[in-house]
Amino acid sequence: MRINKLLLTLALSTPALLPHLSYAGEVEVLHWWTSGGEAKAVQPLKFSLEKQGHTWKDFAVAGGGGETAMTVLKTRAVSGNPPSAAQIKGHDIQEWGSLGFLTNLDDVAAAGDWDAIVPKIVTDIMKFNGEYVAVPVNIHRVNWLWANPAVLKKAGVSVPTTLDEFFVVAEKIKSAGYLPLSNGVGSWQDATMFETIALSVLGTEGYTKAFVELDLEMLASDKMVEALVKFKKLRDYMDSDAPERQWYKATSMVANGEAAMQIMGDWAKGEFIALGKVPGKDFICAPAPGTAEQFTYNIDSFAFFDLKDSGDVDAQKALAAAILDKNFQETFNLKKGSLPARTDLDMSKFDQCSLDSLASFKMAERSGDLVPSVSQGMATTSYVQGAIFDVVTDFFNDPNADAKKTAKKLAKAVKAAI
Ligand code: BGC
């Protein structure tokens with residue numbers, strides 16, 4: 001009794017011994033989830049924060065791939081006014097961490113047991129100098145082919161499984177009077193198709209050598225020339241109306257039968273779902289031709305900035321915890337098209353595309369065929385990625401560009417950016 005009284009007096013006179021009280025604050029969250037499916041997916045996170053008494057300030061910057069969002073973020077951070085959290089992925093997390101902008105989330109991570117519930121390949125990306133500075137939202141697979149089964153049927157073809165088959169199928173679809181391949185515009189979308197073709201041509205080892213180890217010989221190799229030639233051949237099966245087209249418009253063309261196929265990550269599935277389409281019936285998801293064994297990963301995450309206001313810090317920690325909450329992981333990923341970032345979820349509500357994705361993630365993890373996406377900033381730094389984007393997009397958009405010269409140019413540009 002006397003000891004209890006003593007402890008109480010001590011606690012009241014020593015605030016550090018009191019349990020931490022939580023204050024209401026504001027979270028400003030920068031992201032580029034502005035398409036129909038993306039906006040629906042992120043909404044529950046906002047509600048979860050508001051339910052806890054915090055204010056959500058949306059900082060959405062349109063543009064798939066996030067290039068514009070990153071430019072806006074740099075301006076805000078440099079002027080000393082960063083948001084609470086920003087959609088920052090892959091190597092960029094290390095770049096922001098080394099500039100001293102990010103805050104330590106180890107207490108939230110320990111409370112949520114992140115090391116145990118999230119795959120190591122994911123947690124490694126979230127840490128800077130061994131400390132959590134970012135929270136993963138999901139795991140996207142990039143190397144997918146999306147197809148409209150009704151269009152394929154009308155053209156008398158089935159889903160191609162190799163690149164050679166793909167070109168035969170595309171030719172038949174074209175002769176039947178349909179658009180074989182829908183595409184959006186922008187260097188990240190060109191790079192998405194290029195990395196997928198390159199993976200098929202180079203295999204896991206060659207892809208890793210070229211884009212992760214940045215082996216200059218591999219970048220300038222005959223195999224890379226072959227990848228470039230096949231990539232350019234996609235042009236024969238696209239329309240010329242693409243200049244202003246967003247990736248999700250290209251997806252809706254497949255959804256409503258204006259085009260037969262699209263090569264895109266599984267955020268495209270989020271769009272099909274948002275349009276009310278049913279996998280297996282209205283659209284088909286299949287591994288991109290020649291890459292069934294590989295899983296090109298793109299992990300979405302939010303990095304957290306160092307803030308001063310204690311209410312805002314509390315709101316920030318609540319956001320970090322909410323991202324890995326079981327319910328949010330389920331509702332978000334059902335809508336987003338991706339796999340949950342935590343491995344202990346009941347997957348019974350997920351469709352066949354997600355289950356296939358999970359099976360191939362596990363298989364690729366075992367066989368060493370999990371490869372980081374170049375177009376999504378997982379494989380290399382933003383500098384090298386920028387150099388690759390420039391060369392690849394110039395090549396794709398210049399009808400006279402030569403593949404041999406381009407492979408050499410690619411190696412040179414990467415060398416200069418390392
Ligand atoms: C992001 C996805 C997003 C896609 C299109 C990618 O960079 O990782 O989450 O859906 O861009 O906006």
Side-chain angles (χ1 to χ4, degrees), residues 29-45 58-73 85-93 121-122 125-126 134-144 146 182-196 245-252 254-255 262-275 285 295-303 323 328-329 331-341 353-354 357 361 371-380 382 385-386 388-389:
V29 187
L30 179 135
H31 61 91
W32 62 90
W33 289 331
T34 53
S35 77
E38 292 171 337
K40 274 191 191 157
V42 74
Q43 199 71 341
L45 195 56
D58 207 43
F59 187 3
V61 181
E67 246 174 291
T68 321
M70 287 303 104
T71 308
V72 175
L73 177 63
Q87 193 181 351
I88 299 176
K89 307 188 295 183
H91 282 258
D92 280 1
I93 296 174
I121 191 166
V122 179
I125 299 173
M126 303 302 131
V135 189
V137 195
N138 61 6
I139 303 172
H140 272 300
R141 186 185 191 187
V142 182
N143 53 324
W144 281 110
W146 306 93
S182 73
N183 74 304
V185 155
S187 52
W188 76 272
Q189 295 189 71
D190 296 344
T192 301
M193 293 188 287
F194 172 65
E195 74 177 33
T196 308
R245 197 182 289 145
Q246 298 281 354
W247 66 272
Y248 51 87
K249 287 272 188 273
T251 305
S252 73
V254 177
Q262 183 185 18
I263 296 169
M264 185 49 68
D266 45 20
W267 43 96
K269 197 189 80 184
E271 263 345 89
F272 283 111
I273 302 285
L275 292 167
C285 55
F295 187 111
T296 314
Y297 63 85
N298 167 31
I299 297 159
D300 278 314
S301 52
F302 284 95
I323 290 173
F328 174 68
Q329 279 288 308
T331 47
F332 175 84
N333 287 297
L334 280 171
K335 293 194 171 81
K336 187 71 175 57
S338 38
L339 292 174
C353 300
S354 296
S357 184
F361 180 85
V371 296
S373 164
V374 181
S375 64
Q376 298 300 326
M378 299 287 129
T380 179
S382 59
Q385 185 201 35
I388 296 174
F389 276 18

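Computed from a predicted structure; not experimentally measured. In listed order, ligands and their atoms are each counted from 1.
The ring pair (Phe, Tyr, Trp, His ring centres under 6.0 Å) search around F272 returns W146, F283, not counting sequence neighbours. In this structure, F389 has no ring pair (Phe, Tyr, Trp, His ring centres under 6.0 Å) partners at least two apart in sequence or on a different chain.
Here the shortest heavy-atom pairing between F328 and I323 reads CD2-O, 3.3 Å.
Protein residues are said to neighbour a ligand when one of their heavy atoms lies under 4.0 Å from it; for ligand 1 these are W32, W33, E38, G64, G65, K89, H140, W247, W267, N298, D300, K336, Q376.
At a cut-off of 3.5 Å, with distance as the only test, a side-chain donor of S35 or E271 sits close to an acceptor on the other residue.
Taking the six-membered ring wherever Trp is involved, the centroid distance between the rings of Y248 and W32 does not fall below 6.0 Å.
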List, one per line, each side-chain donor-acceptor pair under 3.5 Å for residues 58-68, sequence neighbours excluded.
from, atom 1, to, atom 2, distance (Å)
D58, OD1, H31, NE2, 2.9
D58, OD1, W56, NE1, 3.0

